[in-house]
Amino acid sequence: MSAESASAIQRNQVDLSDFIDWSGVECLNQSASHSLPNALKQGYREDDGLLLESDADEQLLMYIPFTQVVKLYALVVKGPEEEGPKTVKLFSNREHMGFSNVNDFPPSDTVVLSEDNLKGKPVVLKYVKFQNVRSLTIFIEDNQSGSDITKVQKIAMHGTTVETTDMKGLKKVEDH
C-alpha cells in the first residue's frame, strides 16, 4: 500500500465512539468504582486519572455493540506501563461471550500491546476481518507485569461506517 492510499484511509476514519450502542455495552470483571465508561466514553477517557480496572483478576471482557455496521481499522488501548493491558483478543460479531467460553472461539485478531501502544499509538488491525462489524468483543487476557489488576486509561476505535463507505464507492464507479 502506498503512503498516499494509507493517508487517504486515515482521513476517512472517524472515532467510532459516536456509534456505540451504550444500552448494550457490557464489561465482565470490571471494578465497580473503575468501570468501562471511564476508558470508553469521550471526555472521560481523555482524563488519565479515570481508569477501567479489573476486579477479581487481570482479565477483562468487554462487549461493545454499534448502532450501525462499521468497518474497524485501528484500536487505541492506553494504559500504565506496569498494569496496562498486554494481550488483547478481538472478536467481531460474537455475542454472549463469557470467561468460560472465550477460548472456544478463534479471535478475529490478537494484538500484543507495546509500550508505544500503551502511550496511545494506534494498533492497525487485520482490516479484512473487520469489514462488517455490528459488535466488537475485546478480551484483555493479561497485562504487562502479570499483576492481578489491569488498568486501562483509554479505548478508542477508529474506522468508518459502512453506509458512508459504500456511497462514496458507488459515486466513484458512476463517474467513470
Side-chain angles (χ1 to χ4, degrees), residues 1-28 36-46 52 60-79 84-98 101-114 116-141 152-176:
M1 181 185 295
S2 71
E4 238 174 73
S5 58
S7 64
I9 289 171
Q10 296 292 330
R11 271 200 301 275
N12 292 339
Q13 284 184 37
V14 295
D15 182 333
L16 294 174
S17 67
D18 291 340
F19 302 100
I20 294 173
D21 177 3
W22 290 100
S23 65
V25 171
E26 295 172 8
C27 184
L28 302 181
L36 181 59
N38 285 351
L40 195 58
K41 276 204 164 159
Q42 284 181 327
Y44 290 58
R45 66 182 187 194
E46 277 67 45
L52 162 62
L60 285 161
L61 186 61
M62 292 158 256
Y63 174 72
I64 304 168
F66 296 100
T67 55
Q68 59 182 280
V69 178
V70 299
K71 293 183 180 190
L72 189 60
Y73 291 92
L75 184 71
V76 173
V77 180
K78 214 172 137 191
K86 183 177 178 187
T87 309
V88 179
K89 293 183 177 177
L90 303 169
F91 301 86
S92 176
N93 304 326
R94 178 71 66 182
E95 296 182 11
H96 310 300
M97 292 181 80
N101 70 354
V102 72
N103 291 316
D104 296 350
F105 305 101
S108 306
D109 204 352
T110 300
V111 176
V112 177
L113 299 175
S114 69
D116 284 345
N117 295 137
L118 288 177
K119 289 177 181 166
K121 182 183 178 202
V123 177
V124 177
L125 303 173
K126 290 178 186 163
Y127 179 59
V128 293
K129 301 277 191 172
F130 299 97
Q131 291 288 305
N132 258 337
V133 181
R134 289 176 301 284
S135 69
L136 182 68
T137 300
I138 302 173
F139 175 47
I140 296 177
E141 195 166 42
V152 184
Q153 293 163 321
K154 177 178 185 174
I155 296 171
M157 297 159 290
H158 299 287
T160 58
T161 57
V162 170
E163 289 84 341
T164 310
T165 310
D166 289 349
M167 292 309 292
K168 284 181 181 163
L170 290 173
K171 285 179 188 155
K172 282 181 188 159
V173 172
E174 288 167 8
D175 290 345
H176 293 313

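Worth knowing before you read on, the calculation uses all heavy atoms, side chains too, and leaves out hydrogens, waters and symmetry mates. Predicted, not measured: the structure shown is a model, and the values here were computed from it.
For the salt bridge (Lys or Arg N to Asp or Glu O under 4.0 Å) test, no residue two or more places apart in sequence or in another chain qualifies with R94. Residues forming a salt bridge (Lys or Arg N to Asp or Glu O under 4.0 Å) with K86 (at least two apart in sequence, or on another chain): none. Residues satisfying the side chain to side chain contact (heavy atoms under 4.5 Å, CB included) criterion with L60, sequence neighbours excluded, are C27, Q30, L52, S54, M62, I140, T150, V152. Residues satisfying the side-chain hydrogen bond (donor to acceptor under 3.5 Å, both in side chains) test with S114, not counting sequence neighbours, are N117. Scanning for salt bridge (Lys or Arg N to Asp or Glu O under 4.0 Å) contacts around D21 gives an empty result, with sequence neighbours left out. Listed by chain and residue number, Q42 satisfy the side chain to side chain contact (heavy atoms under 4.5 Å, CB included) test with D18 (two or more places apart in sequence, or in another chain). For I20, the side chain to side chain contact (heavy atoms under 4.5 Å, CB included) test picks out S17, W22, V25, L40, I64, F66, M157, with sequence neighbours left out. A search for side-chain hydrogen bond (donor to acceptor under 3.5 Å, both in side chains) contacts involving T87 returns D142, not counting sequence neighbours. Checked against side-chain hydrogen bond (donor to acceptor under 3.5 Å, both in side chains), S108 has no partners two or more places apart in sequence or in another chain. Looking at residues two or more places apart in sequence or on another chain, you find no salt bridge (Lys or Arg N to Asp or Glu O under 4.0 Å) involving E26.
S92 and V133 get closest at one heavy-atom pair: OG-CG2, 3.6 Å. Taking each heavy atom of H96 and N101 in turn, the nearest pair found is O-ND2, 3.8 Å. Closest approach of K78 and K119 over heavy atoms only: CG-C, 3.9 Å. When all heavy atoms of A74 and P122 are compared, the pair lying nearest together is CB-CB, 4.2 Å.
Of the inter-residue distances, the one linking F139 atom CZ with L28 atom CG reads 10.0 Å to the nearest 0.5 angstrom. Atom CD1 of I155 and atom CD1 of I138 lie 5.0 Å apart (nearest 0.5 Å). Between atom CG of residue N38 and atom CD of residue Q153 there is a gap of 11.0 Å, rounded to the nearest 0.5 Å. Taking NE2 from H158 and CG from L16, the interatomic distance works out to 8.5 Å, rounded to the nearest 0.5 Å. Rounding to the nearest 0.5 Å gives a distance of 6.0 Å between CE of M97 and OG1 of T137.
Within the 4.5 Å cutoff, the side chain of E95 has heavy atoms near those of the Y63 side chain. A heavy-atom distance below 4.5 Å is found between the side chains of L113 and V123. In this structure, the side chains of V102 and E141 stay at 4.5 Å or more apart for every pair of heavy atoms.
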For ring-ring contact (aromatic ring centres under 6.0 Å, His included), just list the numbers for Y73 and F130, CA-CA rounded to whole Å, side-chain angles, deciding distance to a tenth of an Å, and then say yes or no. CA-CA 7 Å; Y73 291 92; F130 299 97; over 10 Å; no
Would you check, one step at a time, whether the test side-chain contact (heavy atoms from CB on, under 4.5 Å) holds for L75 with V111? CA-CA 10 Å; L75 184 71; V111 176; 5.7 Å; no
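For residues 126-137, the pairs satisfying salt bridge (Lys or Arg N to Asp or Glu O under 4.0 Å) are D109-K126, with sequence neighbours left out.
Listed for the N12 side chain is no donor-acceptor partner under 3.5 Å among the backbone atoms of T160.
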